[in-house]
Protein chains: 2
Amino acid sequence: MRIGELAARLGVNPKTIRYYEARGLLPDPERLPSGYRDYGPEDETRLAFIKTAQRLGLSLDEIGEILAFKERGERPCSYVLSVLDAQLSDIDRRIGELVRLRAELVALKDRADQLLTGAACYCGIVEHAGRISQMTTR
Amino acid sequence: MRIGELAARLGVNPKTIRYYEARGLLPDPERLPSGYRDYGPEDETRLAFIKTAQRLGLSLDEIGEILAFKERGERPCSYVLSVLDAQLSDIDRRIGELVRLRAELVALKDRADQLLTGAACYCGIVEHAGRISQMTTR
DNA sequence: GTATGCCTTCTAGTTAGATGGAATGTCAAG
DNA sequence: CTTGACATTCCATCTAACTAGAAGGCATAC
């Protein structure tokens with residue numbers, strides 16, 4: 001598959017894919033006789049992984065380290081292990097924080113549900129609807 | 001407490017606090033006779049919330065909406081509720097993804113532990129130690 | 001009484017991550 | 001055989017979120 005199709009499947013800009021390649025996050029792809037990049041399903045998997053990890057707050061550098069490590073068949077050094085450990089405990093902390101934030105939002109919503117008796121109402125926030133919908137659909 | 005102390009407690013730059021104030025994330029604080037900003041514990045709580053939410057991937061705009069909503073005593077409109085719902089389901093999705101990523105990292109680490117028999121070893125990644133430690137200590 | 005901290009406003013630079021545009025080349029359909 | 005969608009590279013620009021510096025002035029601490 002060519003870059004446009006891969007980009008469309010994952011909902012990213014083709015430029016972003018070339019950018020990731022330049023940053024070493026994606027391997028140099030096969031090329032068609034025409035010189036076009038030719039991607040397979042494993043590239044799609046890898047790109048999806050990058051996007052997911054990114055949503056979770058990992059930087060491209062961190063994601064690159066994880067990917068490099070996944071590829072490396074050789075013996076890892078203890079330094080690499082410690083990086084991995086650090087990432088793990090970081091993730092644990094984040095899960096905890098997310099759970100707490102979730103609880104807070106739920107409480108907020110419960111309070112809101114009680115206040116809302118059914119009829120539509122007007123409030124200042126709606127005037128920002130444009131900005132908010134941009135915000136929530138990105 | 002003045003801006004410097006608040007900044008130090010939370011580990012942020014004083015400039016960042018003024019920046020948040022300018023963005024409307026923090027309320028205009030009380031002022032000392034001297035004109036200095038005077039913060040109380042509730043400001044610290046709020047700033048800590050901002051920083052946590054940010055680590056979890058929310059943008060300053062999103063955080064602002066949540067905070068504005070928390071403050072608003074009046075009846076929320078159903079639009080606001082739907083924004084809150086969207087944020088909640090987003091958070092649920094992220095928790096799930098984090099748990100999966102965690103499992104993946106654990107598997108990776110287990111494989112690594114097996115390979116590592118005890119002695120130190122050299123590997124290419126160590127040559128990037130500078131970059132990595134920058135990365136993991138940020 | 002002199003550092004050091006904070007105030008204001010303004011301007012400008014930084015980083016990460018991505019995106020846009022120009023100039024040029026390739027491919028598939030009609 | 002041309003037209004429009006896509007590809008290439010290179011360079012430049014954009015956004016979010018800071019962060020820094022300067023100018024000029026008052027405040028507080030040792």
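We name chains A, B, ... by the order of the sequence lines, and we start the count at 1 in each one.
Mapping B:G4 and A:Y19 onto DNA chain C by nearest heavy atom places B:G4 closer to the 5' end of the strand.
The environment of CD in A:E30 is sparse: at most 12 heavy-atom neighbours from other residues, nucleotides or ligands sit within 6.0 Å.
When the side chains of ILVMFWY residues are joined at heavy-atom separations under 4.5 Å, either directly or via intervening members, A:L26 and A:M1 end up in a single hydrophobic cluster.
Rounded to an integer number of Å, the gap from CG of A:L47 to P of C:dA18 is 10 Å.
Checking the phosphate oxygens (OP1, OP2) of D:dA16, no side-chain nitrogen or oxygen of B:Q54 falls inside 4.0 Å. In this structure, B:Y20 reaches the D:dC18 phosphate: one of its side-chain N or O atoms is under 4.0 Å from OP1 or OP2. The phosphate of D:dT9 has OP1 or OP2 within less than 4.0 Å of a side-chain N or O from A:R37. A close approach under 4.0 Å does occur between a side-chain nitrogen or oxygen of A:N13 and OP1 or OP2 of C:dG20. Residue B:R23 places none of its side-chain N or O atoms closer than 4.0 Å to OP1 or OP2 of D:dC18.
One finds the CD atom of B:E5 at 15.5 Å from the CZ atom of B:R37 (value rounded to the nearest 0.5 Å).
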What protein N or O atoms touch nucleotides 22-30 of chain D N or O atoms at under 3.5 angstrom, if any, and at what distances?
residue : atom : partner : partner atom : Å
D:dA27  : O4'  : B:Y36   : OH           : 3.1

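Salt bridge absent: B:D43 and B:R46 never bring a charged side-chain N and a carboxylate O closer than 4.0 Å.
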